[in-house]
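To keep things clear, I will list the structure first and then write my remarks on it.
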There are 2 protein chains.
Amino acid sequence: VSARALPGDDRHEPIVVAVDCNGADLGAAEVAAGARLAVANGARVILFGPGAELGSESEGLQIVDAPLSIAKSPDPVGATRSTPEASIVQCAKAVAEGRAQALVCAGATGAALAAGIFNIKRAPGIYRPALALVLPIPGNPVTLLDVGANTEARREHLVQFAFMGGALAETLLGVANARVGLLSNGQEPSRGSKLILETHSELSERAAGSERFQFVGNLEGGDLLEGRADVVVTDGLTGNIALKLLEGVSQTMLNGIRSAAASSPRAKLGGALLRPSLRSHFGGIDPEAHGGAYLLGLRRLGVVPHGRFHRRGFAEAILRARQAVADDLTDSTHAALRAAGALRPTPASAQSASLPPSQ
Amino acid sequence: VSARALPGDDRHEPIVVAVDCNGADLGAAEVAAGARLAVANGARVILFGPGAELGSESEGLQIVDAPLSIAKSPDPVGATRSTPEASIVQCAKAVAEGRAQALVCAGATGAALAAGIFNIKRAPGIYRPALALVLPIPGNPVTLLDVGANTEARREHLVQFAFMGGALAETLLGVANARVGLLSNGQEPSRGSKLILETHSELSERAAGSERFQFVGNLEGGDLLEGRADVVVTDGLTGNIALKLLEGVSQTMLNGIRSAAASSPRAKLGGALLRPSLRSHFGGIDPEAHGGAYLLGLRRLGVVPHGRFHRRGFAEAILRARQAVADDLTDSTHAALRAAGALRPTPASAQSASLPPSQ
């Protein structure tokens, strides 16, 4: 089994990224501004969104007027089906038809996922796509997945996430034989829900039978920061809560430092003296510097930046998507699953037609 | 239905706290040192642990030589049953028999929970005990539960947690009509797993029919820090991961500030000037200053400090347990569930005899 070929698969063609501009907190124009930054850095982009807000086309930048947004729909699966003219649906179709090689969705994850599954479709043998985010932990980046594609997971889903995450760490971060861990409420193999115990057991067996797969067992929440693993696997509900908590605590503490450094003349002077050193310590944890989450498990790559990003973050998302296509991330995740025998053992045609998870 | 009376229920008697010293990272002597600090602040304590390490008895401090520890057992339920001489079992029995009014366990949560359920027993109508921790979020303390008593939860469990958490916030923190939220992967009511959707629906209905119960809906991970709720409900697996992540990120960032402030002569001077202001901002987030998690849903109160605490943290746990007994926390949580009609509708005798959840 191998990922089905799509039109435009020739890697000598320039890589084009299809970008849905609807759904961003700061509006479509901010996403378009990000796209222009990315184009200035060599990217080729097709924008989908309200044409009146997106400015004019230029070398490397094509614009498709698609004002209709389903980013705020409470039923993204239904909206994706019933609204072919929606910007995210047109954007996903451009990727499915080979006019672009990757999708970037500035807005709602649920709509991006549904449009991706219906149009780009799952790669053969994949149970569920997953959102993988590379957390900028200083000294030891950690790939956390799933951070929100699926609110429920089964053992076989988490097992696939483990191999997809490992392939991402190897392909994009250069980590050979990534150490994979499973998020739980204790490090001991006896800790966790039934799902975690079953997944722990299967990943342990797979690691025992493979030289290339390193399973470091259960990890607690705090272990995400301790360099004990390169890849951390969890369901999309827990992963999303963990991610937003991590972002929230970091931001609250950075705000606390700022506020402490404004609280008195003495503190102001101290803050000014300490600032360069704090910048070099904490500058790396800015989420916008990292582009967003990779949507893995479709026949083409997606990248989902946070809806509250500024142009800089959207530009980064587009450039990361382009780089991941150049690095063959989709093929390498699929190859890792195939090599591990972790693909779903049914005909590919049956799954591509199946429905996406209800979000 | 009301909580069954236990011997020694007369509130004019002095409050005694039973403390299991086994399982602490720094050893039983550190817990005993904490108990002495608490006794110096007016507490009365019975210590259970290796007599040789606990020092001598004094006014208000009784020592029971119980060297056998099951804190590290991978099967705390089985170990609790088969090891009546274990320190945590003797400690729980002292509470069940009215020799003490609350239990503090310095070590393993699983053993404390199993020993509590077998000996102190669940309060009538309680499905599952829960561990509730008051997170020291500056300006808006948040009671998070469950932080680890149950790795799986059903709707009716989470509903009871909501009312128990509300009663805790009112009784201990003086928050009338606490705002209760449900941890999920998005604020919209449509977001979350099947369990979260069901629980959201029941809590919404209950809030609509009550003037005293305020349900603020789904919360994202980052909302824990935003003052949107006084009580946040989740299952024990997610709650434990969230708690340890919160502690880990806070600690890592405080370490980062320290390390930044030692990186150059200029930064050192800045750090020295900024230190008092940083202390007043971040001093409150020290977990040891808050004593530990409250074990709710038994006929008597438990408090579970973190195993890595120092004497100061253990002293705080003992003093908080004593204060919560004086404030009638156990009765007030039960009364809140009774008033809400959220108690389990079966004879009390049937549940007290049922088995604890497998941890």
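Order of the sequence lines fixes the chain letters, A, B, ..., with proteins taken first and strands second; residue numbering starts at 1 for each chain.
Note that NZ of K244(B) and CD of E220(A) are 3.5 Å apart. Values are rounded to the nearest 0.5 Å. Here the CG atom belonging to L245(A) is positioned 11.5 Å from the CG atom belonging to L219(B), to the nearest 0.5 angstrom. Atom-to-atom distance recorded for L197(A):CG and T151(B):OG1 is 7.5 Å, nearest 0.5 angstrom. Between the CG atom of L274(B) and the CZ atom of R266(A) there is a distance of 9.0 Å, given to the nearest 0.5 Å.
With contacts defined as side-chain heavy-atom distances shorter than 4.5 Å, the pair I257(A)/I257(B) qualifies.
For chain A, the option among G248(B), G256(B), G221(B) with the highest count of heavy-atom pairs below 4.5 Å is G221(B). Contact count versus chain B (heavy atoms, under 4.5 Å) is highest, among G236(A), S264(A), S280(A), P276(A), for P276(A). Residue with the most contacts toward chain B among L224(A), L269(A), L183(A): L183(A) (heavy-atom pairs, distance under 4.5 Å). Put simply, of T238(B), D223(B), L237(B), the one with the most heavy-atom pairs under 4.5 Å next to chain A is L237(B). With respect to chain B, the highest number of heavy-atom pairs below 4.5 Å among G186(A), A267(A), G239(A) belongs to A267(A). Among the candidates L225(B), I196(B), L254(B), L243(B), the residue making the largest number of heavy-atom pairs closer than 4.5 Å to chain A is L225(B).
The parts of S184(B) that come within reach of chain A are both its backbone and its side chain, each placing non-hydrogen atoms under 4.5 angstrom from that chain. At a 4.5 Å heavy-atom cutoff, P189(B) makes no contact with chain A through either its backbone or its side chain. For S250(B), the parts lying under 4.5 angstrom from a heavy atom of chain A are both the backbone and the side chain.
Within the 3.5 Å criterion, the main-chain N or O of K194(A) finds a donor-acceptor partner in the side chain of E152(B).
Nearest heavy-atom pair across A260(B) and L278(A) is CB-CD2, 3.8 Å. Of all heavy-atom pairs between H281(B) and S259(A), the closest is NE2-OG, 2.8 Å.
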